[in-house]
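Chain A is the first sequence line, chain B the second, and so forth, proteins listed ahead of strands; every chain is numbered from 1. All values derive from a computational prediction rather than experimental measurement.
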Amino acid sequence: MIRVMIPLALAVLALFAASLLTGPAGIGVRDGLAALVAGDGGPLTLIMREIRLPRAILALMIGGSLGLAGAAMQGYLRNPLAEPGLIGVSGSAALGAVLALQTGLAASFALGLPLMALAGALIGVMLVMLLAGPRGASLTLILAGIAVSALAGALVSLVLNLSPNPFAASEMMFWMMGSLADRSMLHVWLAAPLMALGAGLLLTLGRGLDALTLGEDAAEAMGVPLSRLRLQLVIGTACVVGAGTAVAGAIGFVGLVVPHILRPLVGARPSRLLWASTLGGAAMLLAADIAVRLILPERDLKLGVVTALVGAPLFLHLILKLRKERI
Amino acid sequence: MLRIEGLRKNFGGLKALDGLDFEVPPRSILGVLGMNGSGKTTMLNCINGVYIASSGSIQLDGKELTGLKPAQIFDRGVGRTFQVPRVFSRMTLWDNLAVPLLSRSMTRAERDEIRATWLKKVHLFDLRHNYAEELSGGQQKLLELARIMVSRPKLVLLDEPFAGVNPTLSRLLIDVIRDMPGETGCSVVLVSHDLTSIYELSHDIIVMHEGRILARGDAETVQSNPDVVEAYLGA
Ligand SMILES: Nc1ncnc2c1ncn2[C@@H]1O[C@H](COP(=O)(O)OP(=O)(O)OP(=O)(O)O)[C@@H](O)[C@H]1O
Ligand SMILES: [Mg+2]
């Protein structure tokens, strides 16, 4: 366990520093850090504090949240293919965001879009909980999530379909690909409280998730209150994923791949995976966000595109490995 | 202690439990016999809340259990084991016994003491740092029993504790179960196909058949009941 956590933590630290030092302005290591810490009010300080710092912090927070939510979801459903988007939060957040762009609310004030996205996530998750009911098994939760995701997806298509001009439509498409470019500390402050709340809820699920490995009936027979555990999971996931999607758009594969890669390293206990996956998710997103700036600096490569490009082959690799082990 | 009245459970058209009435007095062991599919496991599932009874009443110390969720029923002091042993194979034996204590308010010392006590009782204390997957099937049954007993249940539901357990471990298991009511003050509902163990351990026996109670009484009464002989003992 320690042998996994320490390298992961070091990787996150190194990547966080590297993220601060990556960008078109070509600032040196010493100058950059001095400007960040000392803050003389000059242009260097501005770049470091107003542009790069929020970007790095957001990558850290959102990546960590996605990794954590993925590990929790996979533990709850006892299925390594589960991912945080399964309960329909990211889909309904996207719908909120697209509506904000469509109605012009996004252009009228800075937090118009993220706030609409959050509202979308909230409505989506309430719908899911209503549909799944208080005493249902995990299958009802999945089905409710799929139903709400599908509905949100259809409505997003409708909005795109009816968008007044191709420019508006492409703006929505780009937003949905996910990005951390041009985010400010305002975005950090908007997302941070919700993410802290959600992470708190998810990180305390560990022992309950461990008990669940024996099945729902056995866990309940040992005093694990399943309906409360599920509520905690859904609200926690909604908070972290809703807040993340609201400020950065839809970023796929982190919540799916990271727990999957780390599981064999920390052992089969879900409780151990929660922290490891948080660090792993943060590392992956920080790395991806550095990559988008290094690979095509002038072309605004989208973060969600990179995570999918990296995540999908990794996943294929895991599948092939699994197949070999079976035979 | 436990009082069951008119308990019914239907699965669609199938009457798995068709009106059960019985009582389990304090500090006693009730043996439950019955053919495959006679409703024994279903009855345990209704008592601990995994299934919601179609009708009837289940009372523990005068308080109704029907309608409560399994975790709440556990908190009221009902523990159970499963027909197929279910242990946390990737946890040590010591950690296995910690799981049912999560919702109990106990000090660290109390937890450690009761875990040690029960692991010693089932002769697994020396293996406490091993992973549960290294145990034999019979030892896993013993571990499961210890795991439920550390939570100090008032009522213990045991589903086929002797299935797949070799004679030596069976002997140990019988001794442990026999002493449980006297040592901890609990009552036991013991479901088993193993006639000798049931006769040896039970203060009272019920024989189930197609969701109903076919006969009840002590070992001799049950053994000599002509209905039981015909339907169950097949002699
Ligand atoms: N979840 C369920 N859905 C539908 N039918 C069920 C369910 N659980 C049990 N049954 C049916 O109820 C009847 C009683 O089953 P139960 O498992 O209680 O028998 P049992 O006495 O424990 O048998 P065994 O000795 O084989 O363990 C059987 O006909 C079974 O098929
Ligand atoms: Mg059974």
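For B:Phe11, the ring-ring contact (aromatic ring centres under 6.0 Å, His included) partners are B:Tyr51, not counting sequence neighbours. In terms of the side-chain contact (heavy atoms from CB on, under 4.5 Å) criterion, B:Ser105 has no residue partners (sequence neighbours excluded).
Proximity to chain A (any heavy atom under 4.5 Å) is restricted, for B:Asp95, to the side chain, taken from C-beta onward. Using a 4.5 Å cut-off between heavy atoms, B:Phe88 contacts chain A through both its backbone and its side chain.
Proximity of B:Lys69 to A:Ser227: side-chain heavy atoms (C-beta onward) are separated by under 4.5 Å at one or more points. Considering only heavy atoms from C-beta on, B:Arg86 comes within 4.5 Å of A:Asp217 through its side chain.
Close approach to chain A, defined as a heavy atom under 4.5 Å from one of its heavy atoms, is seen in B:Arg147, B:Ile148 of residues 133-157 of chain B, taken by number. At a heavy-atom cut-off of under 4.5 Å, chain B is reached by A:Arg207, A:Asp210, A:Ala211, A:Thr213, A:Leu214 from residues 202-214 of chain A, listed in order of number.
Within a 6.0 Å radius of CH2 in B:Trp118, other residues, nucleotides and ligands contribute more than 12 heavy atoms. Applying the 6.0 Å contact sphere to CD of B:Gln83 captures more than 12 heavy atoms from other residues, nucleotides or ligands.
Across B:Thr81, B:Val87, B:Asn45, the residue that shares the most heavy-atom pairs under 4.5 angstrom with chain A is B:Val87.
Going from atom CZ of B:Phe74 over to atom CD of A:Glu220 covers 12.0 Å, rounded to the nearest 0.5 Å. Annotation: the span from A:Arg269 atom CZ to B:Arg90 atom CZ amounts to 10.0 Å, rounded to 0.5 Å.
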